[in-house]
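Starting from 1, each residue takes its place in the sequence as its number.
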Amino acid sequence: MPSLRIVVAEDDAAIRELLVHHLAREGFRCTETIDGPSTLRAVRAGTDLVILDVGLPVVDGFDVVRTLRREGRALPVVMVTARSDEVDRVIGLELGADDYVTKPFSPREVIARVRALARRGGLTADAAPVLLRFDRLEVDEAAREVRVDGADIGLKPREFALLLQLASNPGVAFSRTALLQAVWGFDFDGDERTVDVHVRRLRAKLEDEAQLPRLVYTIHGFGYKFARG
Ligand code: CA
């Protein structure tokens, strides 16, 4: 973390949701798009990697990747193909895709490709564990500790994951839904109040232990954000 941003471009809702489900559980931040133009817009708005269905409506995956390369965007692209005759074109070097998977694929396979590309590209997904410092607070992912003045304040696993998600992205507003997906995963059965309860506990521990100034801000009607450094 900060977690890698991935645009998942796929018009088949079942496949798209399957991918997003598994990627989000792995801590990736996903933006879903359903056709060529929305994919181009999402990539231009900023992302680290694209998973790109070849058979997208309006502008197909081949034209999307060509357009991105023409614009000088070097971000990794994983093409998803449905037909064996597409594979020949996908692996044609002139296209500029970095890797491909063929349908049907397992989500595990796609995640492995994404991780490999992220490593190759020096992206953040496989970077060293996070060590964040804010005044007297330290968030140490490797040790799974949150320390105030050097002393571990004993966060529970979800509290730790929630703080890590927020503190890795200072100043970024997260909706309750986004936090649920990032910290609890899509399988989680609870509702958005779960997030509120954990934020309350987190604040109590941070504040009780250290009288630290408020670090986790409420955004009314939306969610939470961590103080900007
Ligand atoms: Ca398709």
Requested in this report: Give a yes or no on whether the backbone of Gly154 and the side-chain of Asp152 come within a donor-acceptor separation of less than 3.5 Å.
Outcome: yes
Query raised in the report: Under a single-linkage definition using a 4.5 Å side-chain heavy-atom cutoff for Ile, Leu, Val, Met, Phe, Trp and Tyr, are Val58 and Phe62 assigned to the same hydrophobic cluster?
Result: yes
Query raised in the report: Between Leu52 and Gly61, what is the shortest heavy-atom contact and its length?
Result: CD2-O, 3.4 Å
Query - Hphob cluster co-occupancy, Leu18 + Leu49, side-chain heavy atoms under 4.5 angstrom - result: no
Query - Within-4.5 Å side-chain heavy-atom neighbours: Asp60 and Val54 - result: no
**Report entry** Side chain Arg176, main chain Arg193, donor-acceptor under 3.5 Å
**Finding:** no
Query raised in the report: Would you say Ile15 and Ile111 are hydrophobically clustered, going by side-chain heavy atoms of ILVMFWY under 4.5 Å?
Result: yes
Query raised in the report: Taking side chain as C-beta onward, heavy atoms only, is Phe105 less than 4.5 Å from Leu19?
Result: yes
Query raised in the report: For Phe222, does its backbone N or O pair with a side-chain atom of Ser175 as donor and acceptor, under 3.5 Å?
Result: no
Query - Considering all heavy atoms, the nearest Val78-Tyr100 contact - result: CG1-CA, 4.3 Å
Report task. Would you please test Gln165 and Leu162 for side-chain contact (heavy atoms from CB on, under 4.5 Å) and show each step? Result -> CA-CA 5 Å; Gln165 179 70 27; Leu162 180 62; 5.5 Å; no
Query raised in the report: Got a second to check how far Leu132's CG is from Leu164's CG, nearest 0.5 Å?
Result: 6.5 Å
Query raised in the report: Can you hop from Ile34 to Ile51 via hydrophobic side chains spaced under 4.5 Å?
Result: no
Query - Heavy atoms from other residues, nucleotides or ligands near CZ of Arg44 exceed 12 (cutoff 6.0 Å) - result: yes
Query raised in the report: Nearest heavy-atom pair of Pro37 and Pro57: which atoms, and what distance?
Result: CD-O, 4.3 Å
**Report entry** From Asp53, Asp35, Thr39, residue fulfilling side-chain contact (heavy atoms from CB on, under 4.5 Å) relative to Val64
**Finding:** Thr39
**Report entry** Between CZ on residue Arg133 and CG on residue Asp140, distance to nearest 0.5 Å
**Finding:** 8.5 Å
Query - Asp48 (side chain) donor-acceptor with Ile6 (main chain) under 3.5 angstrom - result: no
Query - Lys225 atom NZ, neighbour heavy-atom count above 12 within 6.0 Å - result: no
Query raised in the report: Any side-chain heavy atom of Arg201 sitting closer than 4.5 Å to one from Lys156?
Result: no
Query raised in the report: Hey, does the side chain of Arg69 reach the backbone of Arg73 with a donor-acceptor pair shorter than 3.5 angstrom?
Result: yes
Query raised in the report: Rounded to the nearest 0.5 Å, how far does OG1 of Thr33 lie from CZ of Arg16?
Result: 8.0 Å
**Report entry** Phe28 side chain near His22 side chain, heavy-atom distance below 4.5 Å
**Finding:** no
Query raised in the report: Atom NE2 in His198, atom CH2 in Trp184: separation rounded to 0.5 Å?
Result: 5.0 Å
**Report entry** Nearest atoms (heavy-atom pairs only) where Leu166 meets Tyr224
**Finding:** CD2-O, 3.9 Å
Query raised in the report: Quick one: does Thr31's side chain get under 4.5 Å of Thr47's, heavy atoms only?
Result: no
**Report entry** Phe160 versus Arg144, closest heavy-atom pair with distance
**Finding:** CD2-NH2, 3.3 Å
Query raised in the report: Considering all heavy atoms of both residues, which atom of Tyr217 and which atom of Ala227 are nearest to each other, and what is their separation?
Result: CE1-CB, 3.6 Å
Query raised in the report: Does the pair Leu163 and Phe226 meet the rule for a side-chain contact (heavy atoms from CB on, under 4.5 Å), with working shown?
Result: CA-CA 8 Å; Leu163 180 61; Phe226 198 81; 3.7 Å; yes
Query - Spacing of CE belonging to Met79 relative to CZ belonging to Arg113, to within rounding of 0.5 Å - result: 13.5 Å
Requested in this report: Flag the pair Val80 / Lys103 as yes when at least one side-chain heavy-atom distance between them is below 4.5 Å, and no otherwise.
Outcome: yes
Query raised in the report: Salt bridge check: are Asp63 and Arg66 linked by an N-O gap of less than 4.0 Å?
Result: yes
Report task. Would you kindly confirm whether Val101 and Val20 end up in one hydrophobic cluster when ILVMFWY residues are joined by side chain heavy atoms under 4.5 Å apart? Result -> yes
Query raised in the report: Atom OG1 in Thr218, atom CG in Asp196: separation rounded to 0.5 Å?
Result: 8.0 Å
Query - Main-chain N/O of Val216 paired with Arg203 side-chain donor or acceptor, under 3.5 Å - result: yes
